[in-house]
Amino acid sequence: MPLVTRHSYNATLASAPQFAQDHITSLTMQKQLQQLLQAAIRKLQSQGVVPGDLSPEIGIERTRDKKHGDFASNVALSLARPARRNPRELAQAIVDALPATDAVSRVEIAGPGFINFTMNDDARRGIVRAILEQNDAYGRSQIGKGRRIQVEFVSANPTGPLHVGHGRGAAYGAAVADLLSACGFSVEREYYVNDAGRQMAILACSVWLRYLEICGESFTFPSNGYRGAYIKEISQSVADKHGEAFRYAADIVFSNIPADADGQGNGDKEAHIDALIERCHALLGDENYAVFADAALENILGDIRDDLGEFGVEYEHWYREHTLVNSGKVEAAINHLRDAGHLYEADGAWWFRSTAFGDEKDRVVIRENGQLTYFATDIAYHAEKIERGFDQIIDVWGADHHGYVPRIRASLQAMGHDPERLEVLLVQFAILYRHGQKAQMSTRSGEFVTLRELRDEVGNDAARFFYVLRKCEQHMDFDLDLAVSKSNENPVYYIQYAHARVCSVMRQLAERGLDWNETVALASLDRLQETHEEDLLDTLARFPEIVEASALNREPHQLAYYLRDLATALHTYYNAHQFLVDDIAVRNARLALILATRQVLKNGLRLLSVSAPESM
RNA sequence: GCCCCGGUAGCUCAGCUGGAUAGAGCGUCCCCCUCCUAAGGGGAAGGUCAGAGGUUCGAAUCCUCUUCGGGGCACCA
């Protein structure tokens, strides 16, 4: 069972072919070719040349080398064996059966049996008109057909500020969600707030202990507590509001508490903190304990929300774990599994028989002490997501959680849901390098590098872009020195500069007292004859394909690489040719081309939440 | 021991899901502003696609084994 669902966009076409040449975008060029080939193969099937029961995937790809035309299909190669024909011979038969069309100027058979298509120059240049008409919509599509997809990402425990590891999940998840949205999927972004577990208890307890220190008590802070400066700030806010109402003497708080770990193998930090949590509860009572827990949660969650918001990451839903627990849905899910015979009791705990669904061992859902495991609430949460009616749910997790995937799938199956509805995208770690050295990332040490610090240092644009420059399963070395450098080494500036450059040309145009005339431009597109112009046209035409592939494969890095290619094509063109020439037709045609380029740069950067500055 | 991810140019990484002569950025070397921003461009050098088998017309890509690196294998979250 693949963790990552792959999608092919070599669709087998069912609809009747239409060969209209208006408003050709590359995507339709590719689809048109598919339809042409489909028609040809149907014809051969009706003639008995190709077995009639085949419905071959018609692969069309852009050629790497212009000598091979614009597009190539290997369909004759893949059909050769079932048709028991020589590939080149079959290719010739297919070509002979192709319906006539204006969009294609040349069809050739090459190599072992590729069918190469060269597009008509007018069709190629038509992309400029299409882009200028569609503006911000160029690149968007409706292939998602409104299917509902939920993307859950980041979902860091609200026990401290986001660090740079979360940043990668944030940038990646947001880009995937935005890409899907651009492709016509109905996307809902969700952050799951773990506000009901042991970590929250440790957090509340940590805040209380710092509060006691502020009140004047002195003791050794537990090694397993949260030590960040933000904890003291929260404690201070409680102290400001409530004075010493929750103060207890340190010797009372710490009496009969098992010893903390001392770093030399003595003591038990887990037992120590658990006992302190219990003591905290006992001394404060539910209501006063909640003062600390709520202060901590609201403060930290608010900070996370602001942090992500500034990073260009917004959610439709912030889903609280405690509402899931309080609603009885966790209990209901457990009962459901128990009634269906998927649970058993052993060693005083309740186990889910996940091995029956392919997991490598059974998993505890209710601990010996009666507490639900994190897994138990996750069973209910994922079942609930499916029940909310999403066609697909995507979880973006850190790669360290990969072992968790089989049990979640198992639970969905046991709950009577299709486990294929869940897609888990595992994001590998981002390791930050500062001055050639690994940066500390521990959330407990208080010395970690936060997402906010990263954003402050390199800026949102560089951070967003760098994070999606690697595919998610690739380990990432995040080079701070590179991201912060405002030089040509930095790909973000390179792309943004291309955008700014076009703006600059338009300013120059105005300074020289000249106008851009769209009517003249669109009527003069045939004046775009240079090789650099052809390259740019082809690159522009690829954009919708890139957006689609990036979305369907959940690979925003494809878009990032594309944008750099597009910027290169623009810079190369800029260096090779003058745009503001005397010939009105040529000038306007060239300006139309670079304005179309600017539009695509802007649309692409926007999908990654990177700004497109007008000057730099 | 088992599971997941990775190993492609000196470095960091792409490689369109099996196609045509393996690419980019950085670094190194050479060159280009009387010209719309040189935050740019052109060129050169640089490869046993970790290794070995296999699948087929065809493999960096798929399968198996080996090896190296990262991560995971709780009644933690």
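Just so it is clear, the values below take in all heavy atoms, side chains as well, and ignore hydrogens, waters and symmetry mates. Order of the sequence lines sets the chain letters (A, B, ...), proteins ahead of strands, with each chain counted from 1. As the structure is a computational prediction, the values presented were derived from the model and not from experiment.
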Taking the same atom, [atom1], in [N] and in [M], what whole-Å distance lies between them?
| N | M | atom1 | result |
| --- | --- | --- | --- |
| B:G46 | B:G25 | C1' | 15 Å |
| B:G51 | B:G6 | C1' | 16 Å |
| B:C63 | B:C75 | C1' | 39 Å |
| B:U8 | B:A24 | C1' | 12 Å |
| B:C33 | B:G40 | C1' | 10 Å |
| B:A60 | B:U48 | C1' | 13 Å |
| B:C4 | B:U12 | P | 26 Å |
| B:C5 | B:A22 | P | 28 Å |

(request) For the pair A:Asn116 (side chain) and A:Gly69 (backbone), establish whether a donor and an acceptor sit closer than 3.5 Å, ignoring hydrogens and angles. (result)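 Side chain of A:Asn116 to backbone of A:Gly69: no pair is present.
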Mind checking if [X] touches a base, just sugar-phosphate, or nothing, with heavy atoms under 4.0 Å?
| X | value |
| --- | --- |
| A:Gln428 | sugar-phosphate |
| A:His499 | nothing |
| A:Asn116 | base |
| A:Ala500 | base |
| A:Ile366 | nothing |
| A:Tyr404 | base |

Return the pairing partner of [N] with a 3.5 Å limit on both distances, Watson-Crick or G-U wobble; otherwise return none.
| N | result |
| --- | --- |
| B:G25 | B:C11 |
| B:G1 | B:C73 |
| B:U56 | none |
| B:C35 | none |

(message) Apply the syn/anti split at 90° from 0 to B:U17 and say which one it is.
(response)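 Base orientation: syn.
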(message) Using O4'-C1'-N9-C4 for purines and O4'-C1'-N1-C2 for pyrimidines, with syn meaning within 90° of 0, is B:C33 syn or anti?
(response)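 For B:C33, whose glycosidic angle is within 90° of 0, the conformation is syn.
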Please tell me if [X] has a side-chain N or O lying less than 4.0 Å from either OP1 or OP2 of [N].
| X | N | answer |
| --- | --- | --- |
| A:Gln474 | B:U12 | no |
| A:Arg501 | B:A38 | yes |
| A:Thr572 | B:G42 | yes |
| A:Tyr561 | B:G23 | no |
| A:Lys361 | B:C75 | yes |
| A:Tyr494 | B:G41 | yes |
| A:His557 | B:G15 | yes |

(message) Salt bridge check, A:Arg198 against A:Glu270: does any charged N sit closer than 4.0 Å to a carboxylate O?
(response)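 Between A:Arg198 and A:Glu270 there is a salt bridge, with a charged N closer than 4.0 Å to a carboxylate O.
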Do [X] side-chain and [N] base share a donor-acceptor contact under 3.5 Å?
| X | N | answer |
| --- | --- | --- |
| A:His571 | B:A39 | no |
| A:Asp400 | B:G72 | no |
| A:His402 | B:C3 | yes |
| A:His475 | B:G71 | no |

(request) Give me the ring orientation class for A:Phe357 and A:Phe352: parallel if the planes are under 30° apart, tilted from 30 to 60°, perpendicular past 60°. (result)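 Answer is parallel, since the angle falls under 30°.
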(request) Residues of residues 579-596 of chain A with any non-hydrogen atom less than 4.0 angstrom from an atom of RNA chain B: list those, numerically ordered, please. (result)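 Heavy-atom contacts with RNA chain B come from A:Phe579, A:Leu580.
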(message) By nearest heavy atom, map A:Ala110 and A:Ala567 onto RNA chain B; which one lands nearer the 5' end?
(response)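 Comparing both residues, the 5'-ward one is A:Ala110.
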(message) Once side chain to side chain donor-acceptor pair (under 3.5 Å) is applied, do any residues pair with A:Arg407, and if so which ones, sequence neighbours excluded?
(response)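 Scan of A:Arg407 (side chain to side chain donor-acceptor pair (under 3.5 Å), adjacent residues dropped) gives none.
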(request) Would you mind telling me which of A:Trp351, A:Phe375, A:Tyr404 makes a side chain to side chain contact (heavy atoms under 4.5 Å, CB included) with A:Arg363? (result)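 Output: one option passes, namely A:Phe375.
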